[in-house]
Number of protein chains: 2
Amino acid sequence: MNISTASKAAGLPAKTVRYYADIGLVPAPARSESGYRSYDDASVRKLVFVRRAREFGFSISECRELLGLYEDRRRSSADVKRIATARLEEIGKKQRELQSLHDELAHLVDACRGDDRPDCPIIDSLGDPGGGVRKSP
Amino acid sequence: MNISTASKAAGLPAKTVRYYADIGLVPAPARSESGYRSYDDASVRKLVFVRRAREFGFSISECRELLGLYEDRRRSSADVKRIATARLEEIGKKQRELQSLHDELAHLVDACRGDDRPDCPIIDSLGDPGGGVRKSP
DNA sequence: CTTGACCTTCCAGCTGCTGGAAAGACTAGA
DNA sequence: TCTAGTCTTTCCAGCAGCTGGAAGGTCAAG
C-alpha cells in the first residue's frame, strides 16, 4: 500500500503520515525498491489510533504513550485511565476558562450599542488595566 | 521609561513588548542616545490594551484591528462590536466542541475499570476507525 | 514515448511568543 | 577609579503540529 492509499484509509493527509514517521511517533514503514513507503494494515490501524487520539486533543507525547499501551498486551487499564483522566481535567479547566471569557465578552457585546458613534464599552474595557475585575464592591 | 519599567506597568514580559514592536503591532518606541528603548504613558496604555485583548483570545491581527479602532476617534462602535461578536461566536463553537469531547471522554473514562488488567474501552475506542459515532441506531 | 499522477527529499513558514548567547550601558559601592 | 551587578541591545533558535512548495524520480495508461 502506497502512502496515499494508507493515508486515505487512516483519514490523515499524506504529509502528516510522513511527519508522524519522521518524529518517530509511528514506526518508519518499509520501502519499495524505488524508495516508496509501503504500508500494511497494522500500520494503518496505528495511524487511525493516533488520529483518533489527536481528535481527542491528546498531545503528540501523550499519543506516544497511549500508542505504547495500545501495543502492549500486558498493559494495565489503570495506566490508560490515568492519562485520559488527566486529559479530562485539562478539558474541564479549558471549559471553565472559556466560560468566564464568554460571559465577560458577552456582557460587553451586550452593552455596546453597535451604532455609528464612537462610544464603546468593549474598547473602554480593553483599555482598562485591570478591566473586568470588580474592586471591593 | 526603560523597557522593564514599561513592561511591568503593562503586565507583559519585556521580550513580548519588544516582539510587539518588531511585528509592528505597537509603534516602535523612541530610543535614548545609547540605543535604549524609551516608553511613555501612551505607549504603556496601548500595551495594556493589547494585553487585555490577547487575554480575551483575540488574535494578533484582531488586536491590530482593535488597536486601530482604539486610536481612531471617529470609529463606530458597530465596527468594534462586529469583531467582538465574531470572537464570541468562535468561543461558543469551541465550547460546544469541548463539551462533546468532554462527554465522550468522560463516558470512556467512566467505563474503564482502571485496574491492572489490559481490557480498556478507552484504548478500544481509540483504535476504532469511526470510534464514538453511532451508526443507524 | 509522452503525459500526468504519484512518490521522494528538503526547506520554509504558520502563531505567539520564549530562551539564550554575546556584547554594550549604567549605577552603586569600595 | 575600578569593579561587580544589573540593566539593555541584537540575533538566532526552538516550542507544537503540522502544511505548502520546489525540484526531481517513478510508474501506469494511452
Side-chain angles (χ1 to χ4, degrees), chain A residues 1-26 28-40 43-44 46-67 86-87 90-91 94 97 101, chain B residues 1-26 28-40 43-44 46-67 86-87 90-91 94 97 101:
Chain A
M1 220 193 305
N2 280 347
I3 196 167
S4 68
T5 312
S7 69
K8 268 163 209 152
L12 286 168
K15 277 256 176 193
T16 302
V17 172
R18 269 184 218 110
Y19 172 73
Y20 286 165
D22 283 352
I23 62 169
L25 174 56
V26 297
R31 299 290 184 125
S32 75
E33 270 184 47
S34 56
Y36 284 21
R37 286 171 181 81
S38 180
Y39 290 88
D40 56 15
S43 308
V44 171
K46 284 179 200 175
L47 287 168
V48 167
F49 183 91
V50 171
R51 172 177 59 78
R52 291 269 304 145
R54 292 287 301 135
E55 284 168 2
F56 267 106
F58 289 101
S59 72
I60 295 291
S61 84
E62 283 168 329
C63 287
R64 235 179 259 274
E65 215 178 333
L66 287 168
L67 201 51
R87 176 78 195 117
E90 281 168 33
I91 293 175
K94 196 81 199 165
E97 284 171 10
L101 220 51
Chain B
M1 218 191 307
N2 280 348
I3 196 166
S4 68
T5 311
S7 70
K8 269 162 209 152
L12 286 169
K15 277 255 176 195
T16 303
V17 172
R18 269 184 217 111
Y19 173 72
Y20 285 166
D22 283 353
I23 62 170
L25 175 56
V26 298
R31 297 290 185 126
S32 75
E33 269 185 48
S34 56
Y36 283 21
R37 285 170 182 81
S38 181
Y39 290 87
D40 56 15
S43 309
V44 170
K46 284 180 200 174
L47 288 168
V48 166
F49 183 91
V50 171
R51 171 177 60 79
R52 290 270 304 147
R54 292 288 301 135
E55 283 168 2
F56 267 106
F58 289 101
S59 72
I60 294 292
S61 84
E62 283 167 330
C63 287
R64 235 179 260 273
E65 216 176 334
L66 287 169
L67 200 51
R87 175 77 196 118
E90 282 169 32
I91 293 175
K94 196 80 199 165
E97 285 171 11
L101 221 50

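Here is how names work: the chains are called A, B, and so on, in the same order as the sequence lines, proteins then strands, and each is numbered from 1. The figures here come from the full heavy-atom set of this structure, side chains too, leaving out hydrogens, waters and symmetry mates. Note that the structure is predicted; figures quoted are calculated from it, not measured.
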Footprint string (nucleotides 5-16 of chain C, 5' to 3'): B base within contact, S backbone only, - free, heavy atoms under 4.0 Å: -BSBBB-----B

Residues that B/Glu97 engages under side-chain hydrogen bond (donor to acceptor under 3.5 Å, both in side chains), provided they are two or more places apart: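 side-chain hydrogen bond (donor to acceptor under 3.5 Å, both in side chains) list for B/Glu97, sorted by chain: empty.
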
side-chain hydrogen bond (donor to acceptor under 3.5 Å, both in side chains) involving B/Arg37 - partner list, sequence neighbours excluded: none

Test item: A/Tyr39 and A/Thr5 side chains (from C-beta on) under 4.5 Å apart, heavy atoms: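 Not in contact.
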
Close side-chain approach of B/Arg54 and B/Val50, heavy atoms under 4.5 Å: yes

Terminal helix-axis angle for the helix from C/dC1-D/dG30 to C/dA30-D/dT1, with five pairs defining each axis and rounding to 10 degrees: 20°

Interatomic distance where CZ belongs to A/Arg51 and C1' belongs to D/dG17 [whole Å]: 17 Å

Spacing of B/Asp22 atom CG relative to D/dT10 atom P, expressed in whole Å: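 Checked: the CG to P distance equals 8 Å.
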
Which donor-acceptor pairs under 3.5 Å do side chains of residues 56-64 of chain A form with protein atoms, sequence neighbours excluded?
unit_1: A/Ser59; atom_1: OG; unit_2: A/Ser61; atom_2: N; d: 3.4
unit_1: A/Ser59; atom_1: OG; unit_2: A/Glu62; atom_2: N; d: 3.1
unit_1: A/Ser59; atom_1: OG; unit_2: A/Glu62; atom_2: OE1; d: 3.4
unit_1: A/Glu62; atom_1: OE1; unit_2: A/Ser59; atom_2: N; d: 2.8
unit_1: A/Arg64; atom_1: NH1; unit_2: A/Ile23; atom_2: O; d: 3.2
unit_1: A/Arg64; atom_1: NH1; unit_2: A/Gly24; atom_2: O; d: 3.4
unit_1: A/Arg64; atom_1: NH2; unit_2: A/Ile23; atom_2: O; d: 3.3

Residue list, side-chain contact (heavy atoms from CB on, under 4.5 Å) with A/Asn2, at least two apart or on another chain: A/Tyr36

Sidechain N-carboxylate O distance under 4.0 Å for B/Lys94, B/Glu90: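 No, no charged N to carboxylate O under 4.0 Å.
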
From CG (B/Asp22) to OG1 (B/Thr16), nearest 0.5 Å: 11.0 Å

